[in-house]
Amino acid sequence: MKINEPGVLPTSEFFIHTPNEFSRKHLFTIHFAGRYDCDTDYLIERTFHDYYLILKVIHGQLRLEYDQQTFLVNANELLLFDCRIPHKYYATTQITFEYIHFKGNASKELYEMITQLYSPVIPLLNDIEIMKSIDTILSMLEHQRVSDTKVSYEIHKILSLLLEQNQSSSSISNLKEVIAYIDENSEKPLNIHDLAHLASLSIYHFSRKFKKFTGLSPHEYVIVKRLTRAKSLLKNTEFSINKISEMVGFSSPSHFIATFKKHTHMTPKEFRDFRF
């Protein structure tokens, strides 16, 4: 579909898609997308647009005013932000970009995880897979052969790759060492001071970076590890619940039982007796 908007050149294309009801309820969905060639008259200013935006600059430069900050988006950078927050973006040079407006499923949660790791502007680090996923979605729209499940898969892939891209950075190598240490010693008393020291970080920065990397606080991560081992012992051994509580590192059986029930909605005995 051709568009007649200031700054949008005739070579541009605009696509609209209406997902079915099942997709809107359960999947990532795409609603608007395009490949735009623009001159410096191109400007978008909104107070609210009920979608998230992925925008990949091919060449040129875009300026974003968003959340009381200004960002520049250059070639081979990706823009990701929540359009429900007032925003303004415009071309500072002649520009070519591809974009996707999406929502649904776990968009909010993944978006928040990614934007805790980056600003809205994300370097792609030559990530061919992300660019392939964007091209796949736009190709389906262009040929009017859109599969909502395929679109959902590709959006999830893009968001997951953005998280993995950050996690591959050498800046978190110390955190990986801490996680390996916790995995090997989860049954022992673990002190956040010692863990932060192992990561060569202050307690504040350690806790913040750890949660960004794992999605859990250090304490929550230790609990999950202890409960995972407890589940295995409950199903594969005949140790008493009191003994398992001690083996996995809980301070008392009552604490173990309360924590286990909070996370699994079963007591340890109910879990052991349940036939999965």
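No hydrogens, no waters, no symmetry mates; every other heavy atom, side chains included, goes into these values.
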Query raised in the report: How about P268 and I257: do any of their side-chain heavy atoms sit closer than 4.5 Å?
Result: yes
Query raised in the report: Under 4.5 Å between any side-chain heavy atoms of F260 and T267, yes or no?
Result: no
Query raised in the report: Heavy-atom count around K243 NZ within 6.0 Å, excluding the residue itself: above 12?
Result: no
**Report entry** F32, CZ atom: more than 12 neighbouring heavy atoms under 6.0 Å
**Finding:** yes
**Report entry** Qualifying residue, where the test is side chain to side chain contact (heavy atoms under 4.5 Å, CB included) with V178 and the options are L190, L195, L201
**Finding:** L195
Please check if any side-chain donor atom of [X] sits under 3.5 Å from a side-chain acceptor atom of [Y], or the reverse.
{"X": "H205", "Y": "S202", "answer": "yes"}
{"X": "S12", "Y": "D37", "answer": "no"}
{"X": "Y90", "Y": "E45", "answer": "no"}
{"X": "D148", "Y": "H17", "answer": "yes"}

Report task. Could you tell me whether a side-chain N or O of R63 sits under 3.5 Å from a main-chain N or O of T70, the two making a donor and an acceptor? Result -> no
Requested in this report: Determine yes or no for a side-chain-to-main-chain donor-acceptor pair under 3.5 angstrom, with R24 supplying the side chain and T29 the backbone.
Outcome: no
Return the minimal non-hydrogen interatomic distance between [X] and [Y], and the atom names on each side.
{"X": "F28", "Y": "V151", "result": "O-CG1, 4.5 Å"}
{"X": "Y52", "Y": "K103", "result": "CD1-CA, 4.4 Å"}
{"X": "Q94", "Y": "T40", "result": "N-CG2, 4.3 Å"}
{"X": "E187", "Y": "M247", "result": "CB-O, 3.1 Å"}

Report task. Please check if the distance between the ring centroids of F97 and Y42 is under 6.0 Å. Result -> yes
Query raised in the report: For N236, what residues pass the side chain to side chain donor-acceptor pair (under 3.5 Å) criterion, not counting sequence neighbours?
Result: S232
Query raised in the report: Listed by chain and number, what are the side-chain contact (heavy atoms from CB on, under 4.5 Å) partners of D67, not counting sequence neighbours?
Result: Q69
